[in-house]
Number of protein chains: 2
Amino acid sequence: MPLPQTEMPGRLQAYCAERGIRMTQQRRAILGVMETASKHLDAAQLLRKAQKLDASVDRSTVYRTLRLLKRQGLIDELDLMHIHGEGHYYERKLNRDHIHMACLRCGKIMEFVSDIFEKLKSQVEKDCRFRIVVSRLEIGGYCAHCSK
Amino acid sequence: MPLPQTEMPGRLQAYCAERGIRMTQQRRAILGVMETASKHLDAAQLLRKAQKLDASVDRSTVYRTLRLLKRQGLIDELDLMHIHGEGHYYERKLNRDHIHMACLRCGKIMEFVSDIFEKLKSQVEKDCRFRIVVSRLEIGGYCAHCSK
DNA sequence: ATCTCAACTGCAACCAGTTGCGACACGGGG
DNA sequence: CCCCGTGTCGCAACTGGTTGCAGTTGAGAT
């Protein structure tokens with residue numbers, strides 16, 4: 001199991017090359033979409049966009065590539081509290097973990113970075129002697145506008 | 001790591017009655033299983049056990065009942081970082097939210113309660129003016145034993 | 001005890017994600 | 001430049017979870 005840690009946005013393909021991951025036609029299409037897309041793509045959208053670059057791309061290749069990127073720590077997988085059905089969403093991993101908040105009424109997704117979150121993770125690592133590889137904090141509730 | 005229960009253990013049916021939820025043969029079977037089971041049941045196990053109490057229980061009824069209990073805030077749904085496939089796990093909600101840690105090597109699931117987690121949630125509510133209904137923090141990594 | 005109707009159920013068809021398999025292509029070595 | 005092995009691909013079949021529909025049932029009102 002590989003270690004995570006990313007730094008800059010932008011060059012997924014370069015990362016894969018560095019790590020000796022074979023680059024195929026299909027992966028180029030999928031990575032191209034991930035690099036240029038705005039956040040929170042689901043697998044079906046990703047498939048559709050990738051097929052515009054390479055029509056031969058199959059569902060299973062998309063899922064296999066997502067699993068690969070997850071394992072490399074290059075992307076994060078989100079549920080967004082299952083607000084829009086059962087599926088998952090994907091986003092490029094940034095240098096800092098962030099919390100996702102999903103409004104149960106209007107469906108808006110918000111992000112939040114917190115030092116306290118970092119402190120909490122340190123506490124878990126120390127108190128439980130647990131080496132954290134990946135973490136996911138998702139919150140469902142009502143945003144400022146909808147709780148009025 | 002046993003945690004203090006809400007009040008009386010095993011009164012899901014009473015909760016449902018209080019809230020005016022209709023009680024059926026099938027729901028009685030499903031709630032019975034949830035009340036007596038140890039934690040982290042998946043839907044398939046729940047279905048099998050419930051069918052021993054009422055053979056007519058269908059998959060879809062199990063899922064519909066789980067959704068109902070989720071919405072009532074009586075149970076929590078967990079991914080456990082998809083360590084054992086794609087499915088979900090369910091547990092009765094206790095008085096205090098807890099963090100789930102899943103070891104990516106041995107598959108062990110650990111739980112942890114933290115004041116810092118409570119502080120983090122307060123921060124989100126204040127700084128983002130977001131009213132929290134449900135929250136889920138899951139961590140994947142290596143437990144003390146496996147990171148040696 | 002019976003009536004009534006919204007809520008609930010089983011079924012079957014469907015969406016989301018995974019897997020086994022034989023065919024294929026990337027890219028390093030000759 | 002071509003060969004070759006291994007990693008990857010598309011396909012089809014499968015598991016986990018959801019949904020529309022038509023028939024049934026629980027429980028409050030009479």
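Chain identifiers are assigned alphabetically (A, B, ...) following the order of the sequence lines, protein sequences preceding nucleic acid strands; residue numbering begins at 1 within each chain.
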Give the intermediate values and the outcome of salt bridge (Lys or Arg N to Asp or Glu O under 4.0 Å) for residues B:D79 and A:R136.
CA-CA 11 Å; B:D79 281 357; A:R136 184 165 79 184; 2.4 Å; yes
Show your working on ring-ring contact (aromatic ring centres under 6.0 Å, His included) between A:H82 and B:H88 and close with a plain yes or no.
CA-CA 12 Å; A:H82 295 154; B:H88 292 122; 5.1 Å; yes
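For the pair A:D42 CG and C:dG17 P, the interatomic distance rounds to 7 Å; values are reported in whole Å. Distance A:R71 CZ to D:dG7 P: 14 Å, rounded to the nearest Å. Distance, B:H84 NE2 to D:dT15 C1': 16 Å, rounded to whole Å. Nucleotide D:dG16 holds its P atom 17 Å from the CD1 atom of B:I83, rounded to whole Å. Straight-line distance from the CG atom of A:L66 to the P atom of C:dT18: 9 Å, rounded to whole Å. One can place NE2 of A:H82 at 16 Å from P of D:dG16, the figure rounded to the nearest angstrom. Distance A:R67 CZ to C:dG17 C1': 9 Å, rounded to the nearest Å. In this structure, A:E86 atom CD and D:dT19 atom C1' are separated by 13 Å, rounded to whole Å.
Close to D:dG10, at under 4.0 Å from its OP1 or OP2, lies a side-chain N or O of A:T61. Between D:dC9 and A:S60, no contact under 4.0 Å exists linking OP1 or OP2 to a side-chain N or O. Note on A:Q26: every side-chain N or O is 4.0 Å or more away from OP1 and OP2 of C:dA25. Between B:S56 and C:dG10 there is a side-chain N or O to OP1 or OP2 distance below 4.0 Å. Phosphate proximity of D:dC9 to A:R28: absent, as no side-chain N or O sits under 4.0 Å from OP1 or OP2. In this structure, B:H88 does not reach the D:dG16 phosphate: none of its side-chain N or O atoms is under 4.0 Å from OP1 or OP2. Residue A:R27 places at least one side-chain N or O under 4.0 Å from the OP1 or OP2 atom of D:dT8.
Taking the side chain of B:R64 as heavy atoms from C-beta on, and the options C:dG10, D:dC9, C:dC8, the nearest nucleotide is C:dG10. Taking only side-chain atoms of B:Y63, from C-beta outward, the nucleotide of C:dC8, D:dT18, C:dT18 with the closest atom is D:dT18.
Where A:A44 and A:D58 each meet DNA chain C at their nearest nucleotide, the meeting point lying more 5' is that of A:A44.
Donor-acceptor pairing under 3.5 Å is lacking for the side chains of B:E138 and A:S135. If you check the side chains of B:H40 and B:E111, you find a donor sitting under 3.5 Å from an acceptor.
Looking at heavy-atom distances under 4.0 Å, B:A43 makes contact with sugar-phosphate atoms alone, never a base.
A donor N or O paired with an acceptor N or O is not found under 3.5 Å between the base of D:dG10 and the side-chain atoms of A:R59. Contact of B:R22 with D:dA27 (side chain to base): no donor-acceptor pair of N or O atoms is detected under 3.5 Å.
By the 6.0 Å and 45° rule, A:K121 stacks over the aromatic ring of A:F117.
The shortest distance between side-chain heavy atoms of B:D54 and B:I30 does not fall below 4.5 Å.
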